[in-house]
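Each chain gets a letter, A, B and so on, in the order the sequences are listed, and its residues count up from 1. Basis for what follows: all heavy atoms, side chains included, without hydrogens, waters or symmetry-related copies.
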Amino acid sequence: MPEPAELALVIDDLTVAYDQKPAIWDIDLEVPQGALMAIVGPNGAGKSTLIKAALNLIPRAAGSVLFHGKPYEAARHLVGYVPQRGSVDWDFPTSVLDVVTMGLYGKLGWLRRPGRRERAQALAALEQVGLLDYAGRQISQLSGGQQQRTFLARALVQDAQIYFMDEPFAAVDATTEAAIVNILRELNKRGRTVLVVHHDLQTVPEYFDWLTLLNVEVVASGPTCQVFTLDNLQKTYGGRVTSLHGGQVLAAGG
Amino acid sequence: MMGLERALIELLLRFVTHDALNAFLRSPQHTASLVGCLIAICGALLGTFLLLRGLSLTSDAISHTVLLGIVLAFMLMTGAGLEGDTSSPWLIVGAAAAGVGTVVLTETLHRSGLVRQDAALGLAFPLLFAIAVILVSRFVDDVHLDDDAVLVGEIGLAWANTNSHCFEHCESLRITPEHPAAQQMRQCVNCRELTISPRDERAEFREVCGNCGVYTPAQAWSAGLLDEAPTLVFFPKSITVMLVLTALTVGFVAVFYKELKLTTFDAALAKSLGFRPAALTYALMILVSLVAVGAFDAVGSILVIAFFIIPPAAAYLLTDRLSGMLLLSPVIGGAGAFFGYDLARGWLFGMLPVAEGIAALNAIFGLQLREAWDSSISASVVLTMFVLFVLVWILSPRYGLVVSAVRRANSRRRFDDQVVLAHIHNHQGTPSHAIELRAATLHQHFRWTPQKMNRVLMRLRALGFVSQEAGSAILTQRGDAHVHAFRKQLLVAHNIPDIDPTQP
């Protein structure tokens, strides 16, 4: 990968603690614009915490985060967030289209209501994730994969520069996984930066061109071809990764 | 508040005479129903969001802790020499503060990580309520904050607590000793000291005026001191209070509909998009507190929660849209409040007399129940709301018990059909054909009763999926197509590659 002109995300000395126990510890991270990056690490490594702290959703103990050179408050419109699917109540009385439209609320600001234009944008995003036929569905009738794609469509309408996705591949069907990968590549082609918390080591080299290995601290970060080594993985997972040949990884408890 | 009331009455007087208006408002039923409906509308709108946020019980907590706010504000007011009145704006401020205080205290306990959310609520609100109870009994003696009022309120008396507004002939009257209407009386000045009667010869007298002083138009008219009747309207205070609260609540929900929806569904996204979920939550809680106070006089602190929770819970079963809930739940709450008054007076939904029902019970079971029916209005309202909820719960076209049971039975039947069809499909044309598919013994393969097997086969024949040939069940062409269709659907849904050899 050629040296990019601009850094989409710069994290400097970021520490987050729960009850004085650091969840992530002195994170330094630079992500070039246009990177499609996986954040990988064992359970409790602080992957979700890293994203939430970057987006000011939880208090930081120390450190700073810059998005295209700006702090979060000034860069809100540049950032799109796909939370974990389980973070909301899917029995909430609303439709798929309505959930996707929520992605546009930030642009609308206080008090202004979504209109025909917002509806069209939301429908376009639903078409992109293959859920156009489900626009009027009550969200509780969706399968897990469809819920995940709804969240993805909601992030797409935000038309952000940097996307943060918290385990979009967790427990989804093959159709959804393929749809998500397509969209990640599409975003990547349009020069967007995407950070994905990921669990499946086997698919890392196939899906992502940039990789951060995290276990409370950053173990390694950079182009996947350089970072994705048995040595690095063993450092991250504490020796539980047993082999790495031809892209086949066997990780215990990954 | 008085100015607002006056403006409202002036508006009403364009359409009705003041006599008609007074007659309407002096009916306990009209005022109670109106106040009850307004409380129900406020409660239903706010309760919708509480329900969806999993904060139903917070409304119960707040309706109790506002008592602390009321008492503290009351003490401060009397300390500052103001007259204590339960509809004063300062009490409202105190109540709002108490509501927010409850939420803050709960959150603080919860966020310490040592107490669970529900336990935190259970710790916070009895504490604040207990302090309120102690303060009431210690420092506030002469207020009408008695047990009954705190428990179930006095909505039936709402009509009696009024502000009077005068519109014509409104001169207040001053009676001086010189006034022709003044009543001069002789009063014994030394009778008490000497413990003698006024008839005793030692008694000394002076002239006093028995009715001197300043009379409001209303007082002057009722004392018969005026020739011309002043135009007076007596307006119940609680109607005004609830009208203002309803306007606030409806306005809040209408203006912040989009923001409330977003923060209720996904607070994290709301925060990341630059909205303020915490501010909205507190605004919501302040309104809940205000409504709890407004409702306090009418329905007490225990039953308020029903106004917040039952209507949205019923609406939730009827619609799949937040907007639908916000439209339906006030209707359900309003209906409950309206018919609840009837129930308290002995009429179930305005149609069935309760007394006759009791008479029937007495006649059938030989009971000695009193047939005359006159019960607590607020309790009857809650009961009526609950009856409405149960009706919805059973009969809701989407999620009602009846529909769910029918749907479950249908899918069980469909599944039975598929089991049999798949079995025939798998064995048709194989060597085991004759053994596996013989109609007379087919039930043994499924461990079903012959009756059940017969039912299923009859249904499948009626659908044209199965026919019988030489004592064996075989698939028709239609049946075959059906099997392929549902197999495919099933396999796709579970990501299983199709291994069916008969598939092209």
Side-chain angles (χ1 to χ4, degrees), chain A residues 18-19 48 51-52 54-58 72-77 79-84 87-96 98-99 101-114 118 136-141 143 145 151 154-155 158 160 164 166 172-177, chain B residues 48-49 51-55 111-114 251-280 283 312-329 396 398-399 491-497:
Chain A
Y18 297 124
D19 293 332
S48 295
I51 287 188
K52 285 183 187 151
L55 300 181
N56 269 1
L57 293 173
I58 51 175
Y72 185 68
E73 283 67 29
R76 213 164 246 150
H77 59 286
V79 178
Y81 173 45
V82 182
Q84 285 187 20
S87 67
V88 302
D89 171 18
W90 289 95
D91 286 329
F92 192 86
T94 193
S95 67
V96 173
D98 209 29
V99 172
T101 312
M102 286 180 191
L104 294 161
Y105 284 10
K107 281 208 186 82
L108 288 168
W110 289 88
L111 305 188
R112 253 176 62 210
R113 295 289 167 82
E118 282 73 24
R137 278 285 174 96
Q138 152 70 6
I139 55 174
S140 62
Q141 294 167 9
S143 71
F151 262 8
R154 190 178 73 175
Q158 287 182 256
F164 291 81
D166 203 345
V172 298
D173 53 277
T175 323
T176 299
E177 181 148 348
Chain B
T48 297
F49 292 104
L51 185 88
L52 292 174
R53 286 165 178 240
L55 294 174
R111 223 176 283 148
S112 71
L114 303 173
F252 176 71
V253 173
V255 170
F256 294 108
Y257 172 71
K258 173 180 116 235
E259 288 76 12
L260 283 167
K261 179 162 72 176
L262 178 63
T263 48
T264 303
F265 177 62
D266 192 345
L269 180 75
K271 205 174 166 195
S272 81
L273 290 178
F275 294 101
R276 300 182 172 280
L280 273 175
Y316 186 73
L317 298 177
L318 287 172
T319 170
D320 280 341
R321 295 290 177 270
L322 179 59
S323 48
M325 273 183 85
L326 290 172
L327 290 176
L328 275 177
S329 59
S396 157
R398 275 169 206 276
Y399 306 112
L491 295 177
V492 166
H494 294 279
N495 270 325
I496 306 167

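Residue contact with chain B, scored on non-hydrogen atoms closer than 4.5 Å, is absent for Glu73(A). Of the atoms belonging to Ser323(B), not a single heavy atom falls under 4.5 Å from chain A. Heavy atoms closer than 4.5 Å to chain B are found in the side chain of Val99(A), but not in its backbone. No part of Phe164(A) comes within reach of chain B, as not one of its non-hydrogen atoms sits under 4.5 angstrom from that chain. Contacts between Ala315(B) and chain A at a heavy-atom distance below 4.5 Å are absent for every atom of the residue.
Between chain B and the options Asp91(A), Val82(A), Asn56(A), Val79(A), heavy-atom pairs under 4.5 Å are most frequent for Asp91(A). With chain B as partner, the option from Pro93(A), Gly106(A), Gly80(A) having the largest number of non-hydrogen pairs under 4.5 angstrom is Pro93(A). Interface summary for chain B: among Leu55(A), Asp89(A), Ile139(A), Thr94(A), the most heavy-atom pairs under 4.5 angstrom belong to Thr94(A).
For Arg137(A) and Asp320(B), the salt-bridge test fails: no basic side-chain N is under 4.0 Å from an acidic carboxylate O. Using a 4.0 Å cut-off between charged nitrogen and carboxylate oxygen, Arg321(B) and Asp98(A) do not count as a salt-bridge pair.
Taken from OG in Ser140(A) to OH in Tyr399(B), the straight-line distance is 5.0 Å, to the nearest 0.5 Å. Within the model, atoms OH of Tyr316(B) and CZ of Phe92(A) stand 9.0 Å from one another, a figure rounded to the nearest 0.5 Å. Rounding to the nearest 0.5 Å places OG1 of Thr101(A) at 11.5 Å from NZ of Lys258(B). Expressed to the nearest 0.5 Å, how far NZ of Lys52(A) lies from NZ of Lys271(B) amounts to 11.5 Å. The CD atom of Glu259(B) sits 9.0 Å away from atom CG of Leu108(A), with the distance rounded to the nearest 0.5 Å. Distance CE/Met102(A) to CG/Asp266(B): 8.0 Å, rounded to 0.5 Å.
A perpendicular orientation is assigned to the rings of Tyr105(A) and Phe275(B), their planes being inclined by more than 60° (bins at 30° and 60°).
Side-chain atoms of Tyr72(A) come within 3.5 Å of backbone N or O of Ser272(B) as a donor-acceptor pair.
Here the closest non-hydrogen pair linking Gln158(A) and Leu273(B) is NE2-CD2, 3.4 Å.
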